[in-house]
Chemist: 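Have a look at this one before I ask anything.
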Amino acid sequence: DVVLDVSGLGGDGADSNDGVVFVCGDTDIFTSLTDPTTGTITGAVTLTAIGAGGNATTGSGAGGDGQGGEAVSGAEGGGSLTIGSFAADASGQGGDSSSSLAGSGNGGVAGLDIEGIGGVYTIGGAVSATADGVGGQGTQGGAGQGGLAGMLAGVGLIEAGGDVSVSAQGTGGDAIDDTLGNGGNGTGGAAIVAATGTLTETATVNITGDATLNAGGVGGKGSNSTVQSALTGNGGTGRGGVNTTVNALDPEFTNGALLLAGADNGSITVGGQSSVSAVGTGGQGGDRAGGETSGSGGAGIGGTAEAGVGGIGLIPTVNGSVGLGSITLDTIELNAEGIGGSGGEELNANLPNVNGSAGSGEGGGARFEVTAGQATANVITLRVDGSGGGGALAATGTGGGGSLSSPTTSGALIEGGLDGSLTVGDVTILARGFGSEVDGSGATGSGGEARVDASGINAQVTGDLRVFANGIGSGSVV
């Protein structure tokens, strides 16, 4: 086995000092960049570049921020590398504070990369690339921002003999008890598996097992009140990574979850199930112990989940004129749901349970594109539902693309383009809105946008085609 670890932990602060901010270093394994070389590692390769902010354990200091570093391996210059399995982690963890603000956690860069004049990278078993960001706990929960995680073949071949997991999730930290603090916001980054290619050079990614991509965002929990005089806090907002935002670590990429073969000479095959997710989940409101009102749930806002054959306008080396790109899948689900957080509850069993207000949920965008080339799948499911959380006051649920303020990339869509073909068994497209059903009142559920636009391509659905854009409101429950 090969283990490279350049992680670091910021020192703790004492008295009124802040915890130390920690920015991690870089670690990587590459074959020669100038001469074709061959390397073999029969065991596992583990790269770790975690950055953790220091804690402020006493006094009034704040938790330190944690920034993940870079944990990347690749084969370039025509070289080849064969290994048993691969795991890279460049997560960032915010530091905790006992009496002040928590630190933020920001994911770094993690994964496999083949660029230049190409190469061959063969992994006999599983592949894991993680660039999560997790906020610390404090009087206000720290923000969590996902980084950039992926398996990318610009030119060349990557073969994985097991499951592939890619995560750039952002998770907000919880607020500590009796502080009136809100949970931290969690925002997804970029989780990508791509084989782009150029007009004259091929790129291939073959995955024997499952492919799981996650660019979700999860809000932290609001402060609980453990005594009757204390106030509660609200849950943080959870927002999936969205492709209208450029990734902060590499401007060549936008955020969201993406499984993409370049339309001209890119090829992706996944033998198992594929999951491409950018779900936004709101944090729970703080619970109360017979004191003030329980905290409200945070909003959940879906991001962008995309797959298919395309990249025109996104990848500079692709314009669709060759049109030999392909993607071959068993089953795939693209999920950009928005799930509102629940309001806080009453902790005192002797008092009536009066919950805090629910958080709203709004779906994002899920898109399967075939702008050129060929796409084949047994089952395709697109989900951009929006669901309000539970609480004393109900909250709306809006399907992706169902509000006037929705981004133009929202909604659930199978889309054609210049030329190409799509052959699929069953298709299900969901853009439903579910209003909360809670103690005090009902709420509106608004359907979003769900459609199939196969203009410009030859599309065949050999099984069932189901499209739902319902708005399902709720009644009050007493």
Side-chain angles (χ1 to χ4, degrees), residues 192-196 213 215 240-244 254-264 266-268 274 276-278 302-315 318-329 331-337 363-385 399-402 406-432 447-469:
I192 301 171
V193 173
T196 57
L213 287 67
V242 62
N243 69 356
T244 55
T254 58
N255 288 332
L258 176 67
L259 178 64
L260 181 72
D264 290 311
S267 173
I268 290 179
S274 300
V276 182
S277 176
T304 308
E306 298 180 282
V309 188
I312 298 172
L314 175 66
I315 305 169
V318 173
N319 62 23
S321 62
V322 178
L324 296 178
S326 66
I327 189 167
T328 304
L329 308 169
T331 65
I332 181 170
E333 179 173 10
L334 296 100
N335 190 350
E337 288 183 278
R367 181 178 179 223
F368 192 95
E369 65 171 314
V370 188
T371 52
Q374 298 180 344
T376 303
N378 288 326
V379 178
I380 296 176
T381 301
L382 282 68
R383 187 186 305 272
V384 294
D385 294 338
S406 297
T408 56
T409 55
S410 295
L413 172 66
I414 292 181
E415 185 175 32
L418 299 176
D419 189 16
S421 66
L422 169 64
T423 303
V424 58
D426 296 331
V427 176
T428 302
I429 304 177
L430 305 170
R432 301 167 296 181
E449 179 183 10
R451 62 190 176 96
V452 176
D453 180 1
S455 57
I457 66 171
N458 177 21
Q460 293 183 329
V461 179
T462 60
D464 296 330
L465 173 61
R466 306 177 181 91
V467 181
F468 300 91

Chemist: What distance do Arg466 atom CZ and Thr428 atom OG1 have between them, rounded to the nearest 0.5 Å?
Modeler: 5.0 Å
Chemist: What are the two closest heavy atoms between Ala372 and Gly320, and how far apart are they?
Modeler: CB-O, 4.2 Å
Chemist: Atom CG of Leu465 and atom CD1 of Ile429: how far apart are they, to the nearest 0.5 Å?
Modeler: 6.0 Å
Chemist: Starting at CG of Leu430, measure out to CG of Leu334 and round the result to the nearest 0.5 Å.
Modeler: 11.5 Å
Chemist: Hey, does the side chain of Thr371 reach the backbone of Val309 with a donor-acceptor pair shorter than 3.5 angstrom?
Modeler: yes
Chemist: Rounded at 0.5 Å granularity, tell me how far CG in Leu258 sits from CD in Glu306.
Modeler: 6.0 Å
Chemist: With a 6.0 Å cut-off (strictly less than), is the heavy-atom count around CD of Gln374, excluding the residue itself, greater than 12?
Modeler: no
Chemist: Could you tell me the separation between the CG atom of Asp453 and the CD atom of Glu369, rounded to the nearest 0.5 Å?
Modeler: 12.0 Å
Chemist: The test is side chain to side chain contact (heavy atoms under 4.5 Å, CB included); show your working for Asn255 and Val242 and say whether it passes.
Modeler: CA-CA 5 Å; Asn255 288 332; Val242 62; 5.6 Å; no
Chemist: Give me the atom names and distance for the closest heavy-atom approach of Ile327 to Gly308.
Modeler: CD1-O, 3.9 Å
Chemist: Which heavy-atom pair separates Asp426 from Asp464 by the least distance, and what is that distance?
Modeler: OD1-N, 2.8 Å
Chemist: Tell me, do Val461 and Val452 make a side-chain contact under 4.5 Å, heavy atoms counted?
Modeler: no
Chemist: So, do Phe368 and Val424 sit near enough that their side-chain heavy atoms are less than 4.5 Å apart?
Modeler: no
Chemist: What's the spacing between Asn243 CG and Arg367 CZ if we round to 0.5 Å?
Modeler: 8.5 Å
Chemist: With the side chain counted from C-beta on, respond yes when Thr331 and Glu333 share a heavy-atom pair under 4.5 Å apart, and no when they do not.
Modeler: no
Chemist: Is there a donor-acceptor pair closer than 3.5 Å between any side-chain N or O of Thr304 and the backbone N or O of Gly256?
Modeler: no
Chemist: Please give me the minimum heavy-atom distance between Leu422 and Val370, naming the atom from each residue.
Modeler: CB-CG2, 4.2 Å
Chemist: Please give me the minimum heavy-atom distance between Ala450 and Ala431, naming the atom from each residue.
Modeler: CB-CB, 3.9 Å
Chemist: For Ser326 and Ala261, which heavy atoms make the closest approach, and how far apart are they?
Modeler: O-CB, 3.3 Å
Chemist: For the residue pair Ile332 and Leu259, establish whether any side-chain heavy-atom pair is separated by less than 4.5 Å.
Modeler: yes
Chemist: Output, in order, the C-alpha distance, side-chain angles, deciding distance and verdict of side chain to side chain contact (heavy atoms under 4.5 Å, CB included) for Asn319 and Asp264.
Modeler: CA-CA 7 Å; Asn319 62 23; Asp264 290 311; 3.7 Å; yes
Chemist: Is any side-chain heavy atom of Glu449 closer than 4.5 Å to one of Val384?
Modeler: no
Chemist: Checking Asn458 side chain against Ser421 main chain: does a donor-acceptor pair fall under 3.5 Å?
Modeler: no
